[in-house]
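To keep things clear, I will list the structure first and then write my remarks on it.
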Amino acid sequence: MARLEQITRQRLEKLERLRGRGIEPYPHSYHRTHTCEEALKLFQRMEAGEVPTPQELRLAGRITSIRFMGKIAFFDLRDGSGKVQLFFSRERLGDGKYELLRDLDIGDIIGVAGSLFRTKTGEVTLDVADFTVLCKSLKPLPEKWHGLVDVEKRYRRRYLDLIANEETKPLFVARSRIVSAVREFLVQRGFIEVETPVLQSVAGGALARRFKTHHEALDEDLYLRIALELHLKRLVVGGFDKVFEIGRVFRNEGISTKHNPEFTMLEVYEAYADYSDMMGLVEGMVCYVARETIGSTRVKFGNDTIDLSPPWRRVTLREAVKERSGIDFEDYPDVDSLRHKMEEMGMEVDPTKDRGRLVDELISTFVEPHLIQPTFLVDYPVEMSPLAKRKRDNPGMVERFELFIGGMEVANAFTELNDPLEQRERFRKQQETQTSAARSVEDTEAEVIDEDFLLALEYGMPPTGGLGVGIDRLVMVLCGKQSIREVILFPQLKTKGD
RNA sequence: GGGCCGUUAGCUCAGUCGGUAGAGCACCUGACUUUUAAUCAGGGUGUCGCAGGUUCGAUUCCUGCACGGCCUACCA
């Protein structure tokens, strides 16, 4: 700490020295003519004789390296686009201005004006005729060679990670392009993007512990949404036949390499479609996004290479579970028999879990870790899926699939249940099992049935296919990152006082 | 919630079989007109995560705590 204080003190002294010479270290603006990248490209074109040699360029950026050599000096200047080397000479700048360089540090932001040339070693460099301090930095940057390694600091001070580690910024640029490509794909197909409330009096559409908040003026408890589903379906009722939303949802559950309390979800609804159509849609979308962003449908993920080119493997949930665990859950039609079977196999089974949750446990224990290549698990038991329509030929099952890639659930889709009476009944059953499942204390008030949603269904929702995609996980797959924190700029960490 | 591991200078890391620490980068002083991990000569700047315990003495051993990582659990 003392070292840091000392460095800050030294920099404050430099700051005062600059002020003493009538230089404002934090001016309001600087009008650059080019970015670093543009400048380098321009010079190549100049050398090729395509454009005339310009008189003067103005660049601005952060100093990332300083090499003094007596009467000359080389700095590296970095902006959002790239890096350009700067050349300063006492001869050109004059004694007074050249001496000012001594009060600059790595990390300071400056504007420079000058002309480009190639050094002896061939690097395109700006011969600086004048420079302007744009921001004096008071803290030393992480070391240039190793960058910032400390994972906790990388997440808590992402700005330092972005400055110090070259690979961080491109990753988040890639994330941005992935989201754009998703949007493009859907918009091209006639889907309309909408925004629905984050603050909800009934947080439905999924079963997860909610974040609670309070609106003062209304004097009403509200919850952060845990899914986009119920509001988007209201819009389908209202005539948005093809609609989607990309938005943050919030789940008050554990944090892990695959879970962040707030994460980005895409939900798509298409009237007159069913889950098979959604399968084709997500297959096409992921493939399109991969080609548009990483330029390939093959991607390295840990020790595996994932091949995203369609068609993807489709296997029924029942077969997958049977294959991996040896249990055919159709043979155990009620909770007790299934639980006994699982206990027989030496699994520790939570006695409050209903049959749907037991099946879910079989999936996550036996099946999910093996689904590295894109795989659709198809046809789920009705107990696990209160918002999905029953299969045409098997009323115990629903038309639903989950998409797994890299051992993670990446998407979930179903043929939406649009029978308002059955929907009410399913909610009611869900509420029963849930209260008996002894949820956590703050959740004992359990899920209230969303009456307004049911009312909407009573007006009539066309047959509809719905799809949800975990955008963060999709980014993980496409960028080959095994922790969700690597693809979220500011992942949730515990507050640390210091 | 449980298990394992980590926390030493601004950054990246050594180290002390228990005698209060050291290297590179960064930083400070000086030299240097084509450097680019510049080089050369000097300079060590630290609550060794926090709190207890054992001990003549703890950064080191023990216990607890905090934060983080991985695993596990939880998780429609």
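Every chain is numbered from 1 and lettered A, B, ... according to where its sequence line falls, protein lines coming before strand lines.
At least one side-chain nitrogen or oxygen of A/K153 sits closer than 4.0 Å to the OP1 or OP2 atom of B/C11. The side chain of A/R251 places no N or O atom within less than 4.0 Å of a non-bridging phosphate oxygen (OP1 or OP2) of B/A76. At B/C25, none of the side-chain N or O atoms of A/K144 fall inside 4.0 Å of OP1 or OP2 (strictly under the cut-off).
Comparing the P positions of B/C5 and B/U63 gives a spacing of 11 Å, expressed to the nearest Å. With both ends at atom C1', the span from B/U60 to B/G19 equals 11 Å, rounded to whole Å. Comparing B/G18 with B/G3, their C1' atoms sit 29 Å apart, to the nearest whole Å. Nucleotides B/C11 and B/G2 place their C1' atoms 34 Å apart, quoted to the nearest Å. B/U55 and B/C62 have their C1' atoms separated by 12 Å, given to the nearest Å. Comparing the P positions of B/C48 and B/C40 gives a spacing of 33 Å, expressed to the nearest Å. Taking the P atom of each, B/G52 and B/C70 are spaced 32 Å apart, rounded to whole Å. With C1' as the reference atom, B/G44 and B/A23 are 11 Å apart, rounded to whole Å.
Note: CZ (A/R157) to P (B/G68) measures 14 Å, nearest angstrom. What separates CZ of A/R156 from C1' of B/U7 is a distance of 13 Å, to the nearest Å. The distance from atom CD of A/Q6 to atom C1' of B/G43 is 11 Å, rounded to the nearest whole Å. One atom, NE2 of A/H146, and another, C1' of B/U12, lie 5 Å apart when rounded to the nearest Å. Distance CD (A/E368) to P (B/A73): 11 Å, rounded to an integer number of Å. The interatomic distance linking A/E13 (CD) with B/C28 (P) rounds to 10 Å, in whole Å. Following rounding to the nearest Å, A/R210 (CZ) and B/C75 (P) show an atom-to-atom distance of 16 Å. Summarising the geometry, the separation between CG on A/D108 and C1' on B/A26 is reported as 14 Å, rounded to the nearest angstrom.
The salt bridge (charged side-chain N to carboxylate O under 4.0 Å, His left out) check on A/R314 picks up A/E283, with sequence neighbours excluded. For A/S65, the side-chain hydrogen bond (donor to acceptor under 3.5 Å, both in side chains) test picks out A/R67, with sequence neighbours left out. Residues passing the side chain to side chain contact (heavy atoms under 4.5 Å, CB included) test with A/R426, sequence neighbours excluded: A/V382, A/P386, A/R390, A/V398, A/L417, A/E422, A/Q423. Applying the ring-ring contact (aromatic ring centres under 6.0 Å, His included) criterion to A/Y380, with sequence neighbours excluded, gives no partner residue. Legend: residues meeting salt bridge (charged side-chain N to carboxylate O under 4.0 Å, His left out) with A/D472, ordered by chain and number and at least two apart, are A/R175. In terms of the salt bridge (charged side-chain N to carboxylate O under 4.0 Å, His left out) criterion, A/E123 has no residue partners (sequence neighbours excluded). In this structure, the ring-ring contact (aromatic ring centres under 6.0 Å, His included) partners of A/F87, at least two apart in sequence or on a different chain, are A/F74, A/F117. Here A/F88 pairs with A/F75, A/F131 under the ring-ring contact (aromatic ring centres under 6.0 Å, His included) rule; sequence neighbours left out.
Among the atoms of the strands shown, none is found under 4.0 Å from any heavy atom of A/R11. Among the heavy atoms of the strands, none lies under 4.0 Å from A/K83. When heavy atoms are screened at a 4.0 angstrom cut-off, A/N412 is found touching no nucleic acid atom at all.
The minimum heavy-atom distance between A/K481 and A/F301, with the atom names listed, is O-CE1, 3.3 Å. In terms of heavy-atom proximity, A/E267 sits nearest to A/G468 at CG-CA, 4.0 Å. Listed here is the closest heavy atom pair of A/N165 and A/L148: ND2-O, 2.8 Å.
For A/R62 and A/D108, the salt-bridge test fails: no basic side-chain N is under 4.0 Å from an acidic carboxylate O.
The side chain of A/K14 lies closest to B/C28, out of B/C28, B/G10, B/A76. Proximity note for A/L148 (side chain, C-beta onward) versus B/G10, B/G68, B/C11: the nearest is B/C11.
Listed by first and then second residue, the salt bridge (Lys or Arg N to Asp or Glu O under 4.0 Å) pairs involving residues 408-417 of chain A are A/K233-A/E416 (not counting sequence neighbours).
Looking at RNA chain B, the stems built from 3 or more consecutive Watson-Crick or G-U wobble pairs, each pair with its key distances under 3.5 Å, are B:1-7 with B:66-72, B:10-13 with B:22-25, B:27-31 with B:39-43, B:49-53 with B:61-65.
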What N/O pairs connect the protein and nucleotides 69-72 of chain B at under 3.5 Å? Give each pair on its own line.
from	atom 1	to	atom 2	distance (Å)
B/G69	OP1	A/R485	NH1	2.9
B/C70	OP2	A/R485	NH1	2.8

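You'll find a donor-acceptor pair under 3.5 Å spanning the side chain of A/H259 and the base of B/C75, going by distance alone.
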Quiz item: Base, backbone or nothing for each nucleotide of nucleotides 30-35 of chain B, written B, S, -, heavy atoms under 4.0 angstrom, 5' to 3'?
Solution: --BBBB
Exercise. Could you please spell out the steps behind the side chain to side chain contact (heavy atoms under 4.5 Å, CB included) verdict for A/V315 and A/F376?
Key: CA-CA 6 Å; A/V315 47; A/F376 290 116; over 6 Å; no
